[in-house]
**Student:** 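Take a look at the following structure, please.
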Amino acid sequence: MDFIKGMIKKILQRFRALVWRLTKPGGSSPLSYYLDQKAIIRARSVFIIKTHDAINVRWAGHQCYQYPMDAWLIQEVLSDTRPDLIVETGTYMAGSTYFYACVCDLLGHGEVISIDIKPLATIEHPRITYLEGSSTDETMVQKVKNRIAELGAKKVLVILDSDHKAAHVQKELELYAPLVPLGGYIHVQDGNMDELPMLKGLRPGPMAAAMGFLRSHPEFMRDIDLEKRYLMTEHPYGWLKRAALSPQSTDIK
Ligand SMILES: C[S@@+](CC[C@H](N)C(=O)[O-])C[C@H]1O[C@@H](n2cnc3c(N)ncnc32)[C@H](O)[C@@H]1O
């Protein structure tokens with residue numbers, strides 16, 4: 001009897017070890033990967049519900065419409081790449097603008113331009129310039145170029161967070177990509193709407209635009225390591241890195 005009990009115990013132990021090996025979080029088996037992806041999608045959806053789609057996230061007391069883990073990643077990119085100028089489309093209440101300016105303060109470097117067709121609020125800060133109007137207006141792009149020239153800015157980071165409809169984002173990508181230097185990024189926010197079932201009513205959105213842009217612009221690549229650094233991101237296809245200059249263009253080098 002003891003022998004049989006011992007055998008059953010051993011078999012159960014081995015079975016548990018096998019299940020753990022096949023399913024452990026972060027494991028390399030296809031089942032682990034599948035379960036992790038499902039868990040991430042579910043956690044992202046719950047997070048959106050709990051924060052009312054990040055609307056109640058705050059930076060230094062100001063409403064900042066950003067997902068905290070993604071905002072932390074932006075802070076890392078700013079620290080690593082130290083852009084001379086951050087161009088943000090979509091000011092809203094200026095919480096994200098202020099966040100970027102505060103990081104620049106800590107780094108002792110960088111300016112921010114924030115563009116909105118109708119901002120709800122602005123926060124005054126010596127590093128921030130607000131521009132009112134549509135991000136896809138040619139005159140707006142010219143204003144940004146003028147500011148780049150004024151500052152002599154070489155390293156420009158573009159963050160797209162305005163109208164999230166694919167057609168608008170696609171146009172922004174075409175207009176602002178030439179401002180990004182070799183090795184620099186365009187950060188496309190909120191591709192989550194193309195991915196999460198709960199946001200499917202908002203499609204096609206930024207991820208669709210980014211995918212289309214990458215197909216016609218081989219000089220940019222999806223930086224998937226950066227995108228997935230913290231696994232949970234609301235910006236799939238969110239980090240487009242300039243890997244080469246475009247053949248025909250006058251892109252900033
Ligand atoms: C998602 S909110 C921006 C959130 C902000 N970046 C933050 O994280 O706190 C989107 C903003 O884009 C603006 N917007 C919509 N269409 C636009 C356009 N064509 N050009 C510029 N801004 C636009 C809206 O007025 C709104 O304030």
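Counting starts at 1 for both ligands and their atoms, following the listed order. Note that the structure is predicted; figures quoted are calculated from it, not measured.
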**Student:** Does Gln75 reach the main-chain N or O of Trp72 with its side chain, forming a donor-acceptor pair under 3.5 Å?
**Tutor:** yes
**Student:** So which protein heavy atom does atom 8 (O) of ligand 1 come closest to, and at what separation?
**Tutor:** Gln66 NE2, 2.8 Å
**Student:** Under a heavy-atom criterion of less than 4.0 Å, does Thr89 contact ligand 1?
**Tutor:** no
**Student:** Hey, what's the ring geometry for Phe213 with His217, parallel, tilted or perpendicular (30° and 60° as the breaks)?
**Tutor:** parallel
**Student:** List the closest protein heavy-atom neighbour of atom 3 (C) of ligand 1: residue, atom name, distance to the nearest 0.1 Å.
**Tutor:** Asp161 O, 3.3 Å
**Student:** At the 4.0 Å heavy-atom cut-off, does Ala54 count as touching ligand 1?
**Tutor:** no
**Student:** For Tyr230, does the OH atom have more than 12 heavy-atom neighbours from other residues, nucleotides or ligands under 6.0 Å away?
**Tutor:** yes
**Student:** Using 30° and 60° as the class limits, which term best fits the ring planes of His125 and Tyr98: parallel, tilted or perpendicular?
**Tutor:** perpendicular
**Student:** Does any part of the side chain of Glu132, heavy atoms only, come nearer than 4.5 Å to the side chain of Pro119, both counted from C-beta?
**Tutor:** yes
**Student:** With no hydrogens and no angle check, do the side chains of Asn56 and Thr51 hold a donor and an acceptor under 3.5 Å apart?
**Tutor:** no
**Student:** Which of the numbered atoms in ligand 1 are below 4.0 angstrom from a heavy atom of Gly133?
**Tutor:** 20 (N), 21 (C)
**Student:** I need the atoms of ligand 1 closer than 4.0 Å to a non-hydrogen atom of Ser134, numbered in the order shown.
**Tutor:** 18 (C), 19 (N), 20 (N)
**Student:** By the salt bridge (charged side-chain N to carboxylate O under 4.0 Å, His left out) test, which pairs, at least two apart or in different chains, include something from residues 170-198?
**Tutor:** Arg44-Glu195
**Student:** For atom 21 (C) of ligand 1, grab the closest protein heavy atom and report residue, atom and distance to one decimal in Å.
**Tutor:** Ile117 N, 3.4 Å
**Student:** Numbering the atoms of ligand 1 from 1, which are under 4.0 Å from a heavy atom of Glu88?
**Tutor:** 6 (N)
**Student:** Considering heavy atoms of the protein only, find what lies nearest to atom 16 (N) of ligand 1 and give residue, atom and distance to 0.1 Å.
**Tutor:** Asp163 CB, 3.5 Å
**Student:** How close does the nearest protein non-hydrogen atom get to atom 20 (N) of ligand 1, and which residue and atom is it?
**Tutor:** Ser135 N, 3.0 Å
**Student:** Under a 4.0 angstrom heavy-atom cut-off, which atoms of ligand 1 come close to Tyr92?
**Tutor:** 2 (S), 3 (C), 4 (C), 5 (C), 27 (O)
**Student:** With nothing but distance in play, are any N or O atoms of Ser96 less than 3.5 Å from an N or O of ligand 1?
**Tutor:** yes
**Student:** What protein heavy atom sits nearest atom 9 (O) of ligand 1, and how far off is it?
**Tutor:** Tyr65 N, 3.0 Å
**Student:** Distance only, no hydrogens: is a donor on one side chain within 3.5 Å (strictly under) of an acceptor on the other, for Gln170 and His168?
**Tutor:** no
**Student:** Provide the number and element of each atom of ligand 1 under 4.0 Å from a heavy atom of Thr91.
**Tutor:** 5 (C)
**Student:** Please confirm whether Thr136 comes under 4.0 Å of ligand 1, counting heavy atoms of the residue only.
**Tutor:** no
**Student:** Would you say CZ of Arg82 has more than 12 non-hydrogen atoms from neighbouring residues, nucleotides or ligands within 6.0 angstrom?
**Tutor:** yes
**Student:** Mind checking whether Met93 has a heavy atom under 4.0 Å from ligand 1?
**Tutor:** no
**Student:** With rounding to the nearest 0.5 Å, note down the distance linking CD1 in Ile224 to CE in Met221.
**Tutor:** 9.5 Å
**Student:** Take the angle between the ring planes of Tyr65 and Tyr92 and call it parallel below 30°, perpendicular above 60°, tilted in between.
**Tutor:** tilted
**Student:** Can you give me every donor-acceptor pair (side chain of residues 3-27, partner residue at least two apart or in another chain, under 3.5 Å) with its distance?
**Tutor:**
unit_1	atom_1	unit_2	atom_2	d
Thr23	OG1	Val19	O	2.7

**Student:** Of all the non-hydrogen atoms in the protein, which one sits nearest to atom 11 (C) of ligand 1, and at what distance?
**Tutor:** Asp116 OD2, 3.5 Å
**Student:** Atom 12 (O) of ligand 1: which protein heavy atom is closest, and how many Å away?
**Tutor:** Ser162 CA, 3.3 Å
**Student:** Assess His168 for proximity to ligand 1: is some non-hydrogen atom of it under 4.0 Å away?
**Tutor:** yes
